[in-house]
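Taking it in order: structure first as structure tokens, then the write-up.
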Amino acid sequence: MYRPTCAIIDRAALRHNFSVIRRHVRHARVIAVIKADAYGHGLLRCAQALSDADAFAVLELEAAVQLREAGFRQPILLLEGFFSIAELKVLAQYQLSTVIHHHEQLAMLPSCKEIEKLDVFLKINSGMNRLGFRPEQGRTALDTLRQQAFVSSITLMTHFACADDPQEKHDIDQQLNRFITLQPQGAERLPRTLANSAAILRYPQTHADWVRPGLLLYGASPLIEKTGDELGLRPVMTLTSQIIAIQHLNPQDRLGYGGQFVADRPMRIGIVAAGYADGYPRHAPTGTPVLVEGQRTRLIGRVSMDMLSVDLSGIEQARIGSPVTLWGEGLPVERVAESAGTISYELLAALSPRVRSVTRS
Ligand SMILES: *Cc1c(COP(=O)(O)O)cnc(C)c1O
């Protein structure tokens with residue numbers, strides 16, 4: 001017996017989305033970003049479906065080690081690098097690649113005697129002001145790296161703040177210009193990586209040597225004006241549940257916590273076994289789209305920890321046990337995110353570990 005709440009993970013969709021990315025970038029190599037448990041989709045099963053990726057990127061050292069131990073031989077990049085000399089030793093042991101984004105990390109390098117070979121991605125802050133050296137500090141950092149005999153490759157890296165919004169093209173140009181000035185004069189050209197999912201689609205001039213798609217892999221759109229299916233992508237995660245109770249409301253009856261929803265007519269309501277402890281957004285308001293028996297209807301009332309309510313008006317065949325889709329196939333996660341005032345990244349990554357998941361190959 002299982003609680004009916006379930007995330008279906010469609011690995012054929014993942015492979016399809018990967019091939020869409022390949023077609024977009026052509027010459028650049030692809031670093032599949034599978035941080036945060038592959039955006040909530042499950043690290044290892046996604047890595048297996050993405051075994052053609054040229055590299056993987058994660059943030060969590062444990063995840064990187066898990067990938068190595070599972071036999072993946074591609075470069076595995078740690079997007080925030082290492083936080084201590086002890087971690088640096090693990091990096092060396094498992095031949096992981098690392099971002100270096102501040103001086104404290106540079107200063108740790110000489111203290112680690114175990115490193116024979118290290119691939120470094122030098123992160124440049126080109127204007128997002130989150131991680132990275134400012135371009136003028138970047139040159140010094142480069143010199144320091146070049147003095148370490150074990151540093152076997154250096155890739156220049158930056159990250160865009162506004163690639164999702166077509167109105168922000170000027171900001172992209174500014175970031176690009178600041179980044180480009182860093183190519184060291186006289187030295188041989190260093191490989192570069194700039195583009196996340198949104199930049200891959202919108203700005204081919206940023207593809208460079210490596211691209212770093214995350215969200216696109218999972219079939220959601222990083223662009224504010226389009227959904228994943230409009231981009232030829234397929235959703236990898238479908239979050240499903242069932243109706244576990246039916247209520248009949250009379251006019252003026254109130255529903256759920258706070259009694260915020262009040263029926264204005266006789267209504268049939270379905271109670272669905274999914275709530276915010278499963279990762280469904282608590283702030284999703286009445287009107288957020290939901291599918292029942294494949295038919296579109298709406299969430300009503302407040303989302304509780306383990307349950308939510310849906311309007312069954314016009315869905316005569318709905319009964320206890322009827323299938324419910326909260327997002328995924330037939331209902332883009334972007335639509336649910338938009339209604340809940342958030343982004344698809346957050347919904348996918350916040351899927352709760354208590355939700356059973358099944359893999360479709
Ligand atoms: C998460 C992340 C990505 C992937 O971003 P998407 O928008 O999901 O494509 C790329 N680069 C860095 C540095 C990241 O942290």
Side-chain angles (χ1 to χ4, degrees), residues 14 17-18 20-22 24-25 28-41 43 46-47 50 53-61 63-64 75-82 96-102 105 120-133 155-166 168 171-172 175-176 179 191-204 206-228 231 233 235-237 333-334 337 342-351:
L14 194 55
N17 299 335
F18 184 76
V20 171
I21 295 168
R22 277 265 196 245
H24 271 281
V25 298
R29 283 176 290 174
V30 179
I31 306 177
V33 179
I34 51 174
K35 64 189 179 189
D37 200 29
Y39 290 40
H41 294 68
L43 178 76
C46 289
L50 295 169
D54 302 301
F56 292 113
V58 292
L59 284 151
E60 310 84 353
L61 186 61
I76 300 171
L77 173 62
L78 288 162
L79 288 170
E80 289 176 355
F82 48 92
L96 306 172
S97 309
T98 187
V99 164
I100 289 190
H101 64 83
H102 67 57
Q105 288 173 321
V120 174
F121 286 64
L122 183 65
K123 182 98 179 245
I124 303 303
N125 170 17
S126 58
M128 183 170 183
N129 293 317
R130 195 175 60 174
L131 293 188
F133 297 90
T155 303
L156 298 177
M157 172 171 171
T158 197
H159 194 62
F160 294 118
C162 304
D164 56 332
D165 186 345
E168 295 280 0
D171 199 74
I172 299 289
Q175 283 201 256
L176 250 179
F179 183 63
R192 291 167 304 148
T193 173
L194 304 84
N196 60 357
S197 292
I200 288 171
L201 296 179
R202 242 196 249 294
Y203 303 109
T206 66
H207 289 177
D209 300 281
W210 297 90
V211 292
R212 307 187 306 270
L215 192 68
L216 279 182
L217 292 169
Y218 309 103
S221 169
L223 308 181
I224 56 180
E225 73 278 17
K226 282 196 176 131
T227 56
L231 294 166
L233 303 168
V236 177
M237 181 195 297
V333 65
E334 296 93 312
T342 181
I343 52 176
S344 51
Y345 294 84
E346 186 182 19
L347 297 188
L348 297 173
L351 183 77

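Just follow the structure's listing: the first ligand is 1, and inside any ligand the first atom is 1. The model shown is predicted, which means the values in this text are computed figures rather than measured ones.
Taking each heavy atom of Asp54 and Pro75 in turn, the nearest pair found is O-CD, 3.3 Å. In plain terms, the two heavy atoms of Gln175 and Phe160 that are nearest each other are OE1-CA, 3.5 Å. Taking every heavy atom of both residues into account, Leu215 and Ser221 meet most closely at CD2-O, 3.5 Å. Of all non-hydrogen atoms in Phe56 and Ile31, the two that sit nearest each other are C-CG2, 3.7 Å.
Residues meeting the side chain to side chain donor-acceptor pair (under 3.5 Å) test with Arg29, sequence neighbours left out: none. Judged as a side chain to side chain donor-acceptor pair (under 3.5 Å), and not counting sequence neighbours, the contacts of Glu346 are Thr342.
The single protein non-hydrogen atom nearest to atom 9 (O) of ligand 1 is Ser197 OG, 2.5 Å, given as residue, atom name and distance. From the protein, the heavy atom lying nearest to atom 2 (C) of ligand 1 is Lys35 NZ, 2.6 Å. Residue, atom and distance of the protein heavy atom nearest to atom 10 (C) of ligand 1 are Arg212 O, 3.5 Å.
Taking any N or O of Arg130, backbone or side chain, none lies under 3.5 Å from an N or O belonging to ligand 1. Checked by distance only, ligand 1 and Gly214 come closer than 3.5 Å through their nitrogen or oxygen atoms. Considering both main-chain and side-chain atoms, Met157 never comes within under 3.5 Å of ligand 1 through any nitrogen or oxygen pair.
For ligand 1, the atoms sitting less than 4.0 Å from at least one non-hydrogen atom of Tyr345 are 6 (P), 7 (O), 8 (O), numbered in the order shown with element in parentheses. In the vicinity of Pro213, heavy-atom distances shorter than 4.0 Å reach the ligand 1 atoms 9 (O). Heavy-atom contacts of Leu215 reach the following atoms of ligand 1: 6 (P), 8 (O), 9 (O) (cutoff under 4.0 Å). Atom numbering of ligand 1 starts at 1 in the shown order; those under 4.0 Å from a heavy atom of Tyr39 are 1 (C), 4 (C), 5 (O), 6 (P), 8 (O).
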Apply salt bridge (Lys or Arg N to Asp or Glu O under 4.0 Å) to the pair Arg202 and Asp165, showing each step before the final yes or no. CA-CA 9 Å; Arg202 242 196 249 294; Asp165 186 345; 5.9 Å; no

Residues Glu80, Lys35; criterion salt bridge (Lys or Arg N to Asp or Glu O under 4.0 Å); working and verdict: CA-CA 11 Å; Glu80 289 176 355; Lys35 64 189 179 189; over 6 Å; no

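Residue contacts with ligand 1, taken as heavy atom pairs separated by less than 4.0 Å, involve His159 solely via side-chain atoms from C-beta onward.
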